[in-house]
Each structure stands twice: as C-alpha cells, then as structure tokens.
There are 2 protein chains.
Amino acid sequence: MPSTSDFEQSLRAAALRVTRPRLAVLTAVHGHPHADTDTIIQAARAGLGEVSHQAVYDVLRALTAAGLVRRIEPSGSVARYEGRTGDNHHHVVCRSCGAIADVDCAVGDTPCLTAANDQGFTIDEAEVVYWGTCPSCSTST
Amino acid sequence: MPSTSDFEQSLRAAALRVTRPRLAVLTAVHGHPHADTDTIIQAARAGLGEVSHQAVYDVLRALTAAGLVRRIEPSGSVARYEGRTGDNHHHVVCRSCGAIADVDCAVGDTPCLTAANDQGFTIDEAEVVYWGTCPSCSTST
DNA sequence: CGGCTTTCTGGAATGAGTCAAGATGAGAGC
DNA sequence: GCTCTCATCTTGACTCATTCCAGAAAGCCG
C-alpha cells in the first residue's frame, strides 16, 4: 500500500491541493478496499479526529474525477470506492452477504471490449460484475 | 412484443396472480426498454388509470424475483428494468446522456464467465456494462 | 506575510426506495 | 354462481444515502 507521501504526489499530480482530509480519505480508501461511504468516513475520522461527511463526499468525488479512486455501485448496495485504478480488474459480488472481491479478467487487459454490435456507441470502458456466492456463504448454506 | 395473454401465461407460470397492475407493469416494461421506475409508473398509469408507486415497486420486485424482468442499475442512475431476460445480453451506457442500448456479447452465450481467479466464489452470472458515448452525443461534441 | 482561491464545516433539503396497516380482489372449493 | 381466504394493492409516513447551500478556515503562490 502506498505511503502518505505517495498520496501527496498523486494529489499534486492531479492538480489537487494536499489537505489533511484528503490524505485521510485516500489512506482510508486504500486501506479498506470496496468500503462503502460510511466506512470510509469512519476510517478517515479514525486517523484524523473529526471530518464532516460532506468533506468526505466532496473528496471522493474530486478523487474519482481525477481518477485516483474508482467508484463502484453494485445493484442493491450503496456506493463503494476502491483505490486500485488503471489495472482493469473486475469484481465478484456475493448475492448473499454483499461481499466484494477483485478478479482479474481472464482475457487480458481490456477484455470483452469488443461488443458484437456497438450500436454506433464509442465504447471506452467495459465494466464487469460477476454475481455469485462467496465461500463462507456457500458453506453456511 | 408479447401480448397481454402471453403476460398472463408468464405470470401464471411463475405462480403469481394475474392482476391488472401486474399486466400493466409488464406491458410497460416490455414497451419501454431500460425505463426507470418513474417512467414505468407513468406508463402503467397510462394504461390503467391510477396505480400507486408502491404497487409498481412491489410488482417489479416480484417480477424480478420470478425472473420475468431484469433489473439494471448503471452507476449514477436510478434503477431501470427491462423485459428481455435469459438471452444473456449486455448494455452500453452513454456517459453523456445516460442512454442505454442492448448489445449481444461477442464471445457467445455466457461470455467472460471465466474469471482468472474466482476467489472461491461460485459465480452464476456475469454482468457487463460498456461505458462510452452514444452516436448523437458523439456528433454533437 | 498577504491575498486569492479552494476546501471544510454544519445543517438542511432532496428523492429513490421501503415499511406498515387496512382495504380490495383474484383464485379455489362448494 | 357464491363465498371464503389470502395474496396483493392503496395510502401515507418514513428512512437513509447523497446533494446543496452559506459561511468559516486553510492551502497555495507571489
């Protein structure tokens, strides 16, 4: 996991100001993969004291726009964020407990980006969500 | 598009009672592909008079559970529903205007269902969303 | 250090979706 | 065809994630 100075560089590289809340949120996102907003707020507060939820939302939006974090929203769940960007991986979501795990795509770097007929759309990203059951939910059945 | 009697049969086959609201919602979903909940409510009312939003939500949930309709939720959008199920197609979403179009997958019937490492998950469905720009938004740039 | 701009705080508002209780009507048996 | 039973629909209030707003504070640059 990147260090605080790495995050600082990332922020500066994205032309964003380096502030305590931003570093805290960035650290929280990297330390809690697929965490929902509330978890990130909790984590940010744990390392910073008090942060308004508004600041976290704002920071997350800025970071998402800058491409430093990725926002994922499985159906039926609240928005979640993750720090791994640019490596084109996808997600498995457990139907039972909502757990999310990373999976690399089988095909390569930009898989499935070749739709049979693209309807004239200019496709620039393919997002894949696998639905299934996680190991612990499978066994507890 | 299926007729009302087809919908009746589908409902009965799913052990659901055939009611006016259900037929109206089913018709609305088939007549308005990828429509959001509000649109479906409007469409159902157009063919039925007055329907409570609660009934529509309930019907949509029942139909989704029965597999008669499919629920899709692109990030940043409200829930949408479609009547085409079982043919394993995917969607292109326009980042600009939010338009949704169907695409058949290039690989075949159950594409991309082979994740590189499934983390022990039992995967039963792969959902693919292509992000891009629709023809009209591309040209108007 | 000073000024400008962006960001953070705190609170209130929005809006999709859900819950609960009672009324209604579809389906089954007589 | 009639009646009974239970799933389904109506109404209305409510939850909760997310957003909007205005003012205060802090970071960045010269």
### Message
What verdict does the side-chain contact (heavy atoms from CB on, under 4.5 Å) test give for A:Tyr130 and B:Glu125, after you've listed the backbone C-alpha separation in whole Å, the side-chain angles of each residue and the deciding distance to 0.1 Å?
### Response
CA-CA 6 Å; A:Tyr130 300 97; B:Glu125 183 185 355; over 6 Å; no
### Range on DNA chain D touched by chain A, heavy atoms, distance below 4.0 Å
D:dA17 to D:dC28
### Task
Would you check if the distance from the ring center of B:His89 to the ring center of B:His91 is below 6.0 Å?
yes
### Query
Taking the six-membered ring for Trp, are the ring centroids of A:Tyr81 and A:His32 within less than 6.0 Å of each other?
no
### Message
Between the side chains of B:Arg71 and B:Glu82, is the shortest nitrogen-to-carboxylate-oxygen separation below 4.0 Å, so that they form an ion pair?
### Response
no
### Message
Treating primed atoms plus P, OP1 and OP2 as sugar-phosphate and everything else as base, which nucleotides of nucleotides 1-13 of chain C get B, S or - for protein heavy atoms under 4.0 Å?
### Response
----BBSSBBB--
### Message
For A:Ser75 versus B:Glu73, what's the shortest heavy-atom pair and its separation?
### Response
CB-OE2, 3.3 Å
### Message
We want to know whether A:Asp38 and A:His53 form a side-chain donor-acceptor pair, criterion being a heavy-atom distance below 3.5 angstrom.
### Response
no
### Query
Using a distance-only test with no angle check, is there a side-chain donor-acceptor pair under 3.5 angstrom linking B:His34 and B:Asp102?
yes
### Query
Transitively linked via ILVMFWY side-chain contacts under 4.5 Å: A:Phe121 with B:Ile72?
no
## Note on the structure
Contacts of B:Arg61 and B:Val18 projected onto DNA chain C by closest heavy atom; the upstream (5') one is B:Arg61
